[in-house]
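Every chain is numbered from 1 and lettered A, B, ... according to where its sequence line falls, protein lines coming before strand lines.
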Amino acid sequence: MALDINSIRADFPILSRILPNGKQLVYFDNAATSQKPQCVIDEMTRYYETYNSNAHRANHTLADEATTALENARKEIAQFFGTKPGNLVYTSGATEAINLVSYGWAKYNLKEGDVIVLTEMEHHADIVPWQELSKEKGIEVRYVPINTETYTLDMDAFEVAVKDASLVCVTHTSNVLGIRNPIEQIIQISKKYGAYILLDCAQGAPHEKIDFSALKADFIAISAHKMAGPTGIGCLLVSSERLEEMGPFMTGGSMIRKVTTEGSTFQEGHAMFETGTPRIAEAIGWGAAVKWLSQFEMKDIHDHVHEIAAWTGKEMNKIPGIKIYGDPSNKNSSGAVSFLHETIQSQDLAFLLDEGGFAVRTGHHCAQPLMDALGVPSTNRASFWIYNTQEEAESFISHLRNVCERFA
Amino acid sequence: MALDINSIRADFPILSRILPNGKQLVYFDNAATSQKPQCVIDEMTRYYETYNSNAHRANHTLADEATTALENARKEIAQFFGTKPGNLVYTSGATEAINLVSYGWAKYNLKEGDVIVLTEMEHHADIVPWQELSKEKGIEVRYVPINTETYTLDMDAFEVAVKDASLVCVTHTSNVLGIRNPIEQIIQISKKYGAYILLDCAQGAPHEKIDFSALKADFIAISAHKMAGPTGIGCLLVSSERLEEMGPFMTGGSMIRKVTTEGSTFQEGHAMFETGTPRIAEAIGWGAAVKWLSQFEMKDIHDHVHEIAAWTGKEMNKIPGIKIYGDPSNKNSSGAVSFLHETIQSQDLAFLLDEGGFAVRTGHHCAQPLMDALGVPSTNRASFWIYNTQEEAESFISHLRNVCERFA
Amino acid sequence: MEGASWPTHLTPIIEEFKDCFDSMERYELLFEYAKKHPSSLPIEEWNDKNQILGCQSRAHVKCSLDENGLFLLRAGADAQIVQGLMSITAITVNGMLPIEVAKLTPEFVKEMGLKSSLTPSRANGFLNMFNRVVSEAEVLSER
Amino acid sequence: MEGASWPTHLTPIIEEFKDCFDSMERYELLFEYAKKHPSSLPIEEWNDKNQILGCQSRAHVKCSLDENGLFLLRAGADAQIVQGLMSITAITVNGMLPIEVAKLTPEFVKEMGLKSSLTPSRANGFLNMFNRVVSEAEVLSER
Ligand SMILES: Cc1ncc(COP(=O)(O)O)c(C=O)c1O
Ligand SMILES: Cc1ncc(COP(=O)(O)O)c(C=O)c1O
């Protein structure tokens with residue numbers, strides 16, 4: 001079913017923003033963060049205005065309401081991702097979720113000589129924690145290369161790398177290339193060789209239904225802010241088997257069972273990893289975002305975004321001097337289109353696009369190893385989501401063509 | 001100058017809340033979390049509605065506005081705490097701030113046999129991280145006892161414990177007893193013996209001007225949500241000397257300088273500890289909270305709260321069967337008044353107070369070692385802040401008296 | 001909902017609560033029921049096995065069948081509100097067939113005007129105890 | 001503000017920018033200035049010492065005094081917008097006394113209608129370079 005984009009746009013107050021230079025905002029920086037529908041903003045406001053209270057161990061009405069809302073959000077979000085509330089650990093985002101796997105699971109379960117497999121297209125969030133662990137514990141980190149013609153993972157190299165690996169950490173979708181990795185195949189091969197699997201779904205979750213139970217991954221990291229939710233929250237989805245193997249990471253209140261001056265015992269399950277005052281407003285906001293998203297089929301969102309991205313890619317290819325990194329025409333690609341102009345430097349291009357009201361991201365996108373593989377220091381990246389329109393893409397292409405003609 | 005409480009109350013929409021049982025909310029759970037003034041809620045809404053964008057490496061208008069707001073908030077908050085923006089590391093709260101000291105400083109700088117001094121009145125957030133570090137690195141943890149008559153720290157025992165200590169971790173103000181520790185003296189003695197000092201100011205910051213430069217502590221942990229700010233954010237204040245000694249904790253995007261498949265180099269200063277998408281809305285909200293607080297003298301807030309707490313304590317003492325833990329009459333005490341009834345169990349009392357609309361907290365308050373020292377499993381705790389009134393305290397005492405008469 | 005979801009011998013107790021002037025009076029009544037628990041579990045028998053987890057106060061439950069194969073609930077909690085609710089639960093379930101007990105819902109608490117005792121995050125004291133009773137009844141009915 | 005905060009020989013350039021039809025035209029003009037940088041720093045001389053930190057693009061600055069003790073700014077950036085601004089800065093400061101350069105503010109960029117190049121979080125390319133020039137001028141004026 002086609003989405004009613006006009007009515008969707010009406011849910012996002014920011015989309016009518018006029019920039020200081022008088023231009024209408026065209027927001028094409030969705031891979032960095034998405035905008036938030038009014039209902040998400042309102043739910044957080046309602047929390048602060050009517051029932052703000054610390055959660056857990058609640059013995060008054062407000063605390064009870066806040067705790068209930070917090071736990072209902074967990075249920076809602078867990079269900080959205082095809083898992084149980086007990087398998088969802090709230091974190092501050094995908095980055096903290098991956099650090100939690102490193103500190104809370106790998107630290108306790110991997111040993112010197114063990115192998116972790118990454119790919120060249122990982123975000124720094126899925127590289128640096130493993131490099132640090134590698135330094136500390138003598139773990140070997142391997143990088144699966146990408147084919148720089150097709151921009152896809154070298155699956156032969158993957159199969160070689162995974163043979164004696166303990167953990168495979170792969171991004172569902174590249175935030176730079178928009179390429180969606182063959183995660184089902186990656187999971188299947190990893191399992192064949194007995195390796196556990198962490199999926200970085202920061203980019204995948206806004207574009208595709210992530211069904212944790214069906215995928216049978218061990219860990220999945222997600223950020224709320226890229227999928228209509230607020231800043232400051234995300235989660236780690238973790239299988240019950242891996243959860244059992246985990247030990248404490250950050251410690252303090254709430255995650256304990258009993259504290260004495262002699263020592264402490266900890267809660268079990270997700271509670272062991274959620275210490276301190278919870279991100280209450282954030283969880284409630286994310287719950288509202290997931291509810292908002294649930295009125296659509298993720299497949300429809302993907303198709304809509306893909307259509308714009310594919311068209312934009314096609315038109316960009318017609319502009320002399322523009323080179324695309326990735327393959328927006330691929331049916332599985334997400335809405336991220338990375339490109340460079342051969343003579344207009346990327347920061348300059350960003351400025352000139354901004355002058356037209358177009359918000360695109362420019363830089364290494366926290367993926368320097370991928371930049372190295374592509375042989376460029378940075379790219380410009382336009383990334384689309386549910387509320388973007390064909391008209392926006394058309395005006396973007398027309399402005400880009402104009403800029404290229406005048407500044408090349 | 002006396003505060004205009006009526007006009008202050010008008011800033012807090014939640015205070016006019018009528019509970020489901022028809023009672024007017026009387027919010028006395030401020031030590032758990034404070035309420036938020038409208039301007040704080042509005043600033044976050046304005047962010048989401050008009051300039052939401054990922055921050056840093058900004059090359060478009062929205063990203064620029066978001067980054068500027070994020071960094072202005074850092075300046076505002078740092079200034080409020082008497083320090084420079086570079087000495088403030090954003091965390092998710094006081095708990096994460098203390099874990100950051102443990103993982104980011106102590107792990108790199110303490111060794112087997114070193115001594116950490118805590119007190120019996122610490123919150124679990126300032127106990128469990130040190131117990132964990134102790135297990136991992138063979139560090140000795142000492143607990144300074146409290147005098148259970150005066151509810152104050154045994155300073156003689158402190159002076160003995162600190163003699164060969166490397167780090168002293170003390171709460172500025174007890175969240176259970178309301179007792180404010182002699183932190184200036186503690187810092188001075190610690191320095192005399194060459195021990196570094198971490199102050200847990202989660203409870204201190206809402207009640208007193210925390211001047212990091214004047215105090216000359218090494219680390220200070222703070223939560224925004226207890227001082228009119230949003231959930232999900234707090235900070236670690238850290239001296240430039242200690243900052244230099246710190247190494248990476250959570251890793252990923254933003255905190256790096258350069259990532260290659262061979263290894264990575266990191267940013268310096270606070271940037272090394274802020275990885276992933278920042279808590280943008282939260283920082284902006286906290287900035288607004290600090291601005292809101294800045295219109296008052298913290299001393300006036302303290303005096304106002306102290307007056308209510310002292311009066312409430314005095315009246316409670318007149319109710320047969322009620323025993324207070326702490327000394328609300330002490331001029332330095334914060335607005336937390338812990339109490340128990342000799343026959344009405346604390347959970348029952350919490351329920352019966354809630355029936356009257358009074359939100360008080362009941363439990364071990366994440367301070368089980370203190371509960372052990374006091375010889376009780378839990379307390380009821382009423383805690384006051386800037387917007388509470390003498391009238392609220394009077395109706396509370398009258399309801400409490402009634403409950404005690406009927407249920408004892 | 002069709003019909004009452006509790007045994008008829010509970011109705012007079014429910015009525016008693018409904019007749020209370022206000023919630024304070026209801027809680028007074030509940031405290032009285034706590035004192036006249038028909039089969040309270042003495043503190044000596046409280047142990048890890050019969051403890052209810054997730055409770056903020058200490059609460060213990062022991063379910064068995066009497067010589068006639070009928071349900072016997074023994075429960076003890078240090079909070080009187082929880083103990084009062086368990087007392088009423090015991091009055092309700094003692095002497096019932098376990099298979100009947102297994103079908104019980106805590107609906108009656110709402111009817112008594114003590115709804116706030118039922119919200120899962122707060123008084124999980126009582127709700128957790130009640131759920132334990134129901135699941136033990138299920139097990140006992142399968143014997 | 002009282003009076004212009006830039007040397008008078010900058011005024012014709014500022015006027016040139018003010019006469020532009022729109023921002024796109026202004027940036028075209030800026031690109032031209034980037035090309036006619038009076039004393040650009042060749043890429044061979046870019047090194048860690050003269051690199052501007054915190055820039056998103058690569059930018060390098062070398063300040064010195066000529067034989068007459070007058071300021072000479074050599075700068076190179078791979079972004080043309082930054083290079084254009086540095087070119088105009090060089091036109092401005094070259095031949096000035098270092099003590100005068102030390103007093104300069106980047107006000108003229110705003111006046112030229114390129115304000116958005118000045119926000120600290122975005123184009124810290126140019127701002128950081130400019131601040132480096134001013135602080136090196138300070139040092140050089142104390143010689
Ligand atoms: C004294 C003290 N320290 C630390 C904390 C932990 O703060 P947070 O839960 O915001 O991380 C609290 C709050 O409960 C506290 O009262
Ligand atoms: C693929 C990928 N992984 C991880 C992250 C990190 O997410 P966050 O910054 O929300 O922690 C991002 C977002 O930038 C991403 O695109």
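Residue A:S134: no heavy atom, backbone or side chain, is found under 4.5 Å from chain B. If you measure heavy-atom distances from B:V360 to chain A, the contacts under 4.5 Å come from the backbone alone. Only the backbone of A:A55 comes within contact range of chain B, with heavy atoms under 4.5 Å apart. With a 4.5 angstrom heavy-atom cutoff, B:L25 touches chain A only via side-chain atoms. At a 4.5 Å heavy-atom cutoff, the contact between A:Y48 and chain B is made by backbone and side-chain atoms alike. Residue contact with chain B, scored on non-hydrogen atoms closer than 4.5 Å, involves the side chain of A:N99 exclusively. With a 4.5 Å cut-off on non-hydrogen atoms, A:Y27 touches chain B through its side chain but not through its backbone. For B:F249, the parts sitting under 4.5 Å from any heavy atom of chain A are the backbone and the side chain alike. The parts of A:Q35 that come within reach of chain B are both its backbone and its side chain, each placing non-hydrogen atoms under 4.5 angstrom from that chain. Using a 4.5 Å cut-off between heavy atoms, A:P278 touches chain B through its backbone atoms (N, CA, C, O) alone. The part of B:S34 that comes within reach of chain A is its backbone (N, CA, C, O), which places non-hydrogen atoms under 4.5 angstrom from that chain. Residue A:F12 does not touch chain B at all, counting heavy-atom pairs closer than 4.5 Å.
Note: B:T261 leads B:T33, B:T50, B:T261, B:I280 in heavy-atom pairs under 4.5 Å with chain A. Taking chain A as the reference chain and counting heavy-atom pairs below 4.5 Å, the highest number among B:V128, B:I41, B:T95 is found for B:V128. Between chain B and the options A:A350, A:S53, A:P129, A:P230, the largest number of non-hydrogen pairs under 4.5 Å is found for A:P129. In terms of heavy-atom pairs under 4.5 Å with chain B, the best-connected choice from A:G357, A:A283, A:G93, A:G232 is A:G232. Interface remark: of the candidates B:C366, B:S92, B:A373, B:P369, B:P369 forms the most heavy-atom pairs closer than 4.5 Å to chain A. For chain B, the option among A:E49, A:E262, A:M44, A:R279 with the highest count of heavy-atom pairs below 4.5 Å is A:E49. Ranked by heavy-atom pairs under 4.5 Å with chain B, the list A:T45, A:D126, A:L62, A:N54 is led by A:N54. Top candidate by heavy-atom pairs under 4.5 Å with chain A, chosen from B:S264, B:S16, B:S102, B:A94, is B:S264. In terms of heavy-atom pairs under 4.5 Å with chain A, the best-connected choice from B:I98, B:T260, B:I127, B:V141 is B:T260. The residue among B:T277, B:D372, B:T275, B:D42 with the most heavy atom pairs within less than 4.5 Å of chain A is B:T277.
A pairwise comparison of heavy atoms in A:A221 and A:A97 identifies CB-CB, 3.7 Å as the closest pair. Summarising the geometry of A:C39 relative to A:A288, their closest heavy-atom pair is O-CB, 4.2 Å, with the distance given to 0.1 Å. In plain terms, the two heavy atoms of A:Y108 and A:Y103 that are nearest each other are CE1-O, 3.5 Å. Contact record, B:A31 with B:S383: N-OG, 2.8 Å, taken as the closest heavy-atom pair.
By the side-chain contact (heavy atoms from CB on, under 4.5 Å) test, B:N21 is found to be paired with B:L19, B:K23, B:E355, residues two or more places apart in sequence or in another chain being considered. Applying the side-chain contact (heavy atoms from CB on, under 4.5 Å) criterion to A:M371, with sequence neighbours excluded, gives A:V176, A:H364, A:H365, A:V376, A:T379.
At a threshold of 4.0 Å, the pair A:K36-A:E43 does not count as salt-bridged, since none of the basic side-chain nitrogens sits closer than that to a carboxylate oxygen. Salt bridge status for B:E136 with A:K107: present, with a side-chain N to carboxylate O gap under 4.0 Å. Between B:E120 and B:R142, no side-chain nitrogen of the basic residue sits less than 4.0 Å from a carboxylate oxygen of the acidic one, so the salt-bridge criterion is not met. B:K135 has a carboxylate O that lies under 4.0 Å from a charged side-chain N of B:E132, or vice versa, which qualifies the two as a salt bridge. Ionic pairing of B:E65 and A:R17 is present here: one or more N-O contacts between side-chain nitrogen and carboxylate oxygen are shorter than 4.0 angstrom.
For the 3.5 Å distance criterion, the side chains of A:H123 and A:D200 fail to qualify, holding no donor opposite an acceptor.
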>> Please determine whether side-chain hydrogen bond (donor to acceptor under 3.5 Å, both in side chains) holds for the pair B:D354 and A:T61, giving the CA-CA distance in whole Å, both sets of side-chain angles, and the decisive distance to 0.1 Å.
In response: CA-CA 7 Å; B:D354 183 57; A:T61 305; 2.9 Å; yes
